[in-house]
Amino acid sequence: MQLNTLGLVHEFLRQTVRPGAVCIDATAGKGRDTALLCRLAGETGRVLAFDIQQEAVEQTKALLEREGLRAEVYLDSHANMARYVQPEAVDCVVFNFGRLPGGDPKIMTRSESSLAAIDAGLSLLRPGGVMAIALYYGGENGYEERDAVLAHLETLDQNRFTVLSCRWANRRGEPPIPVLVWKEH
């Protein structure tokens, strides 16, 4: 496992997502998380991926095709994911908040839609389901979304959800923050 945010999130997914799982990659980006979820959920699983950028949707579809994987890839906001799946039917939701690496730096996730998407994702999780968030911030993105997401997660009912937010104590700059969420049984 790589000792960085992405490595930690991917290891969490490997430990929690099983064949047959229903998974959502709420911010498809280049499709790497979508592909991982497809491999973990297997042939009997279902994976949905969302992005608001046509470029990201095309990159995700191309990666899946190259790797022989299948997923439902939608050009739509992560805030609208509840339109595509029933409540409490999802095993895993994954977010990478920030912007598409190499993409237009003016296009990035925003706290308004991200908080709505988190709430939608939480309502879709079945008991025992998980959410993994990689929270990129700073630079063009600023800090508003980071602060809003972390503050929002602190308000979740501790009897329904367990939230683990990790901070890299000795990493310089603005290292992304991994956040792991479990919905209680």
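Note that the structure is a prediction, hence the values are computed from the model and not measured.
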Would you give me the side-chain donor-acceptor pairs under 3.5 Å for residues 61-70, sequence neighbours excluded?
from, atom 1, to, atom 2, distance (Å)
E67, OE1, R39, NH1, 2.6
R70, NH2, E43, O, 2.6

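- Considering only heavy atoms from C-beta on, V73 stays 4.5 Å or farther from D51 through its side chain.
- Contact of the E72 side chain with the R46 side chain is registered, since non-hydrogen atoms from C-beta on lie closer than 4.5 Å.
- No side-chain heavy atom of Q59 sits less than 4.5 Å from a side-chain heavy atom of Q53.
- In this structure, A134 and N96 approach most closely via the heavy-atom pair CB-OD1, 3.0 Å.
- Shown here for W168 and P175, the closest heavy-atom pair between the two residues is CD1-CB, 3.9 Å.
- In this structure the side chain of F97 never reaches within 4.5 angstrom of the side chain of V179, judged on heavy atoms.
- Between the OG1 atom in T109 and the CD atom in E145 there is a gap of 3.0 Å [rounded to 0.5 Å].
- Residues A148 and L115 share a closest heavy-atom pair of O-CD2, 3.7 Å.
- Here the shortest heavy-atom pairing between I133 and L153 reads CD1-CD1, 4.1 Å.
- No side-chain N or O of Y74 forms a donor-acceptor pair with one of N80 less than 3.5 Å apart.
- With C92 as the fixed residue, the side-chain contact (heavy atoms from CB on, under 4.5 Å) test singles out one of V47, L124, L37, L40: L37.
- Rounding to the nearest 0.5 Å gives a distance of 10.5 Å between CG of L3 and CD of E11.
- At a threshold of 4.5 Å between side-chain heavy atoms, the hydrophobic network of Ile, Leu, Val, Met, Phe, Trp and Tyr places V22 and I118 in one connected group.
- Between E184 and T162, some side-chain heavy-atom pair lies under the 4.5 Å cut-off.
- In this structure, the separation between CD1 on I24 and OG1 on T34 is 11.0 Å, given to the nearest 0.5 Å.
- For Q54, the CD atom is densely surrounded, since the number of other residues' heavy atoms within 6.0 Å is greater than 12.
- Put simply, the side chain of D91 does not reach to within 4.5 Å of the side chain of V17, judged on heavy atoms.
- The shortest distance between side-chain heavy atoms of D25 and T60 does not fall below 4.5 Å.
- Panel note: side chain S123, backbone P87; no donor-acceptor pair is recorded below 3.5 Å.
- Across S77 and F50, no two heavy atoms sit closer than the pair O-CD2, 4.3 Å.
- In this model, no donor atom of one side chain and acceptor atom of the other lie less than 3.5 Å apart for W182 and T16.
- Hydrophobic cluster membership is shared by V163 and V93, with clusters built from Ile, Leu, Val, Met, Phe, Trp and Tyr side chains linked at under 4.5 angstrom.
- Here SG of C166 is found 5.5 Å from CG of L180. Values are rounded to the nearest 0.5 Å.
- At least one side-chain heavy atom of L135 sits less than 4.5 Å from a side-chain heavy atom of L150.
- By the rule that hydrophobic residues join a cluster once side-chain heavy atoms approach within less than 4.5 Å of another member, M81 and L48 end up as members of one cluster.
- Rounding to the nearest 0.5 Å places CZ of R160 at 8.0 Å from CG of L122.
- Scored by the ring-ring contact (aromatic ring centres under 6.0 Å, His included) test, F161 finds no partners at all (sequence neighbours excluded).
- Of all non-hydrogen atoms in P178 and V9, the two that sit nearest each other are CB-CG2, 4.2 Å.
- With rounding to the nearest 0.5 angstrom, the CG atom of L75 is 8.5 Å from the CD1 atom of I52.
- Below 30°, between 30° and 60°, or above 60°: for F95 and H78 the angle between ring planes is above 60°, a perpendicular geometry.
- Cluster membership for L6 and I177, using ILVMFWY side-chain heavy atoms within less than 4.5 angstrom, is not shared.
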